[in-house]
Each structure stands twice: as structure tokens, then as C-alpha cells.
Amino acid sequence: MTTAPWTEATSRDLMNVGGRLANLVRGEGSHVWDDEGRRYLDFLGGIAVNSLGHAHPVFAEAVSRQAATLAHVSNYFATPPQLELAARLKRLAGTGESGRVFLANSGTEANETALKLARLHGGRTGRGAILCLEGAFHGRSTGALAITPKAAYQEPFAPLLPGVRTVARSIAALEEAFAAGDVAAIFIEPIQGEAGVVELPEGFLRRARELATENDALLILDEVQTGSGRTGEWFAFQREGIVPDAVTLAKAVAAGFPASALITFGAASDLFFPGTHNSTFGGNPLASAVANAVLAHIEDTDLLANVTARGAELRAGVEGMRLVAGTRGAGLLIGIELDRPVAAEIAQEALTRGLVVNAPAPDVIRIAPAYTIGDDEIAEFLSLFRDALAAVADARPSEVPA
Ligand SMILES: *Cc1c(COP(=O)(O)O)cnc(C)c1O
């Protein structure tokens with residue numbers, strides 16, 4: 001590969017936190033274009049963010065209309081878009097009257113807010129431990145990092161928040177973790193996106209709900225990746241028939257505009273009080289108006305039905321392809337399991353062919369396309385992905401499947 005000017009600028013000017021794959025200049029629907037005019041089918045969707053694809057008229061119109069009306073006023077003031085968003089999120093989450101919403105700007109911040117909620121609750125009950133799951137990803141701030149038990153992420157920044165325990169993804173381990181009687185809260189992703197679209201054991205969330213209730217602990221769900229309709233329901237917990245004490249949202253909620261939320265249910269709604277938390281940008285009218293427009297569009301056009309249907313088509317479509325061992329996930333958050341650890345090579349081959357996917361684990365390809373995809377995008381994906389798989393399989397003919 002030749003070195004383009006943008007790669008030099010990247011390594012010279014951007015903080016050295018990771019590589020950039022291409023220099024993208026434009027997007028439309030499920031496609032993006034780079035600075036040399038190359039077109040890519042974007043099935044990563046900005047890491048499960050671009051729920052309406054790129055440059056959707058509803059998104060563009062909401063940004064420009066609200067930017068030309070009122071973009072920012074600080075948290076000293078309420079605004080109509082903010083009030084509308086809070087009411088909408090309460091309705092979609094099914095909190096009833098007693099729910100409350102804190103609006104922020106990123107998934108990390110929403111989880112940081114949830115950690116403070118857990119601390120406030122633990123202060124009341126005298127039980128201070130916070131549980132997270134093996135494989136969890138909750139963000140990179142020092143608080144959210146403390147409940148993201150990955151050595152490579154944590155070690156350079158130790159010591160982190162004390163009182164955190166990591167629980168294996170089994171019901172037995174969950175029961176043992178609560179048996180100590182010291183738990184303030186447990187953080188759970190209903191499907192662990194960053195770990196490789198890892199699903200929890202059957203009944204795990206329901207058991208967590210029971211144990212949290214019995215132990216006066218908060219069940220806090222991180223739906224930053226699974227929420228906002230990604231799984232075909234507004235929230236993944238709605239697939240399990242349980243109700244959490246709190247849930248966080250971000251990624252797809254405003255389809256690419258930075259926005260996030262912590263939604264509380266019942267008594268957890270009364271833990272924060274004035275002076276305990278806030279954000280300058282959080283809940284600004286611009287972000288809130290975009291989230292409202294996006295969520296209303298998803299609702300009005302019944303896009304969640306498309307998420308479910310297209311997810312099933314994609315999973316059926318990749319079954320039986322070379323190197324593919326199976327699929328997991330829900331809706332349009334899909335992990336394609338490989339029979340050997342070649343996910344990084346496949347993602348690279350796909351990119352070369354004009355397809356964006358990623359490799360969250362050595363043997364998993366993740367796709368999280370726009371909710372708006374149709375027959376054409378699916379056909380294009382299946383064709384490009386099949387070619388990328390074949391290229392990797394042909395390059396390593398001697399390798400035996402795991
Ligand atoms: C992406 C992600 C986060 C972090 O969100 P940011 O917006 O990057 O801060 C937290 N939790 C989960 C489950 C995520 O997928």
C-alpha cells in the first residue's frame with residue numbers, strides 16, 4: 001500500500017491511540033466514499049451508531065432546523081427538545097410515571113452517571129460492591145474502565161475505582177457473587193458487543209433481576225450498543241421480560257449525533273439530588289432534537305420490524321459460507337462466528353473489496369448495519385463477504401479448522 005498524505009497527517013497530528021483505515025469524505029445511505037472516490041458498503045455503521053445510515057434526510061433536517069433555532073443553553077435551562085426526549089425515552093423504556101432521564105453525550109458518560117447512581121444507592125444500603133461481567137465493555141473513562149475487566153485496557157491506569165468484582169458469565173457465578181451480601185449494583189450488557197457479540201446464558205438476566213431485588217442491589221443494564229432498537233426491540237431487556245433499575249443508551253440513539261442517556265425506574269429515580277451530577281452539553285437542544293427526530297422516524301416507519309427481518313436474512317445468508325461456524329446476536333447486531341481465528345484478515349480483505357465490518361474477537365466478525373437496509377444492501381454484503389472469506393480461505397489452504 002502506498003502512503004497517502006492523510007496517513008502522514010494522522011500519525012503526525014492525531015493522538016496515538018489507534019490506526020485509521022481510510023480517509024472518508026462522504027456517506028449516503030449504507031455507503032461511504034473515501035478521498036480517492038472509492039465506495040464502501042458500511043456494515044459496521046460507525047460501530048452500531050448510524051441507525052439511519054449516512055446523510056439521512058430526517059437526520060440532516062433535524063440538525064439544521066434545530067441548529068438554526070437553538071443549539072445550546074447550558075443545564076440551567078430546560079428546552080422543548082430535551083423535555084420531549086425525556087418523555088419519549090420513558091415511554092419507550094416503559095418506566096411509567098416514576099421514571100427519570102439524565103441526558104449526556106456518550107456511552108461512557110451515561111455509564112459514569114450510572115456508577116454514581118450505584119454509589120448513591122450503596123451509600124443508602126451500606127453495601128458498596130459493584131459487580132461487572134467478564135468480557136464487559138462499559139467505556140474508557142477511569143470509572144467506566146474499572147468495570148471493563150480487560151487487562152490491556154486497565155493496567156496502564158491502575159489503580160482504578162475500588163470495590164469492583166468481576167463475575168463469570170454463568171448463573172452459578174452470579175449467585176456466588178451476590179452471596180457475599182455486599183452488592184450495591186451489577187452492570188450487565190444484555191449482549192456483549194465489544195467482547196464479540198457474546199450472548200448471556202439462558203435465564204441469566206432474569207436471575208440477575210431476582211438476585212438484585214433480593215439483595216437490595218441495582219440492576220443496571222448497559223444498552224449503549226443493544227438499545228435504541230438495535231436488536232429489533234427498543235431495548236434488549238424487553239426481549240427478556242424483565243425490568244431493570246436503570247439502563248444506559250448512546251450509540252444509535254441519535255444516529256450519529258453525540259447523545260446518551262441514563263434512564264431510571266422506580267426508586268432508583270430518586271437517588272440523585274441537586275448538586276450530585278450534571279453536564280454542560282448533556283441534553284442540549286441540538287442533540288435532543290436529533291434523537292427525537294431519529295426515534296420518531298424509526299417508530300413512524302416501523303423500522304424495528306425491518307431490523308428483525310433483515311437480521312434474520314443476513315444470518316441465514318452467511319450460514320454455510322466458507323469459514324463460517326455460526327451466528328449470534330439479535331436484530332442487526334450480529335456476530336459471525338468463524339471456525340478459526342482469522343477475523344482480522346477477513347475484515348482487511350473485506351475493506352480491500354469495499355466492505356466495512358470489524359473483528360471484535362479473533363474468531364468473530366461483527367456487523368451492525370443501518371436499520372434501513374433492504375434487499376440491495378443485503379445482496380451486496382453477501383457477495384462481498386463471500387469473496388473476502390474465500391480470499392482468506394484460499395490463502396491458507398493447509399490450515400485445519402479449529
Ligand atoms: C460503545 C460502548 C460504550 C462506550 O460508549 P462511548 O460512546 O464510546 O463512550 C459503553 N458500553 C457499551 C456496551 C458500548 O458498546
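We count ligands from 1, going down the list as the structure has it; atoms in each ligand are counted the same way.
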Between [Y] and [X], is there a salt bridge with N-O shorter than 4.0 Å?
X: Glu349; Y: Arg353; result: yes
X: Asp245; Y: Arg209; result: yes
X: Arg65; Y: Glu61; result: yes

More than 12 heavy atoms of other residues, nucleotides or ligands under 6.0 Å from CD of Glu319: yes or no?
yes
With heavy atoms of [X] as the reference, note each atom of ligand 1 found under 4.0 Å away.
X: Ser106; answer: 7 (O), 9 (O)
X: Thr108; answer: 4 (C), 5 (O), 6 (P), 9 (O)
X: Gly107; answer: 5 (O), 6 (P), 7 (O), 9 (O)
X: Asn111; answer: 10 (C), 11 (N)
X: Lys251; answer: 1 (C), 2 (C), 3 (C), 14 (C), 15 (O)
X: Glu189; answer: 13 (C)
X: Asp222; answer: 10 (C), 11 (N), 12 (C), 13 (C)

If I compare all heavy atoms of Leu286 with all of Gln66, which pair ends up nearest, and what's the gap?
CA-CG, 3.7 Å
Between Gly139 and ligand 1, is there a nitrogen or oxygen pair with a distance under 3.5 Å?
no
Which class fits the ring pair Phe381 and Phe385: parallel under 30°, tilted 30 to 60°, perpendicular over 60°?
parallel
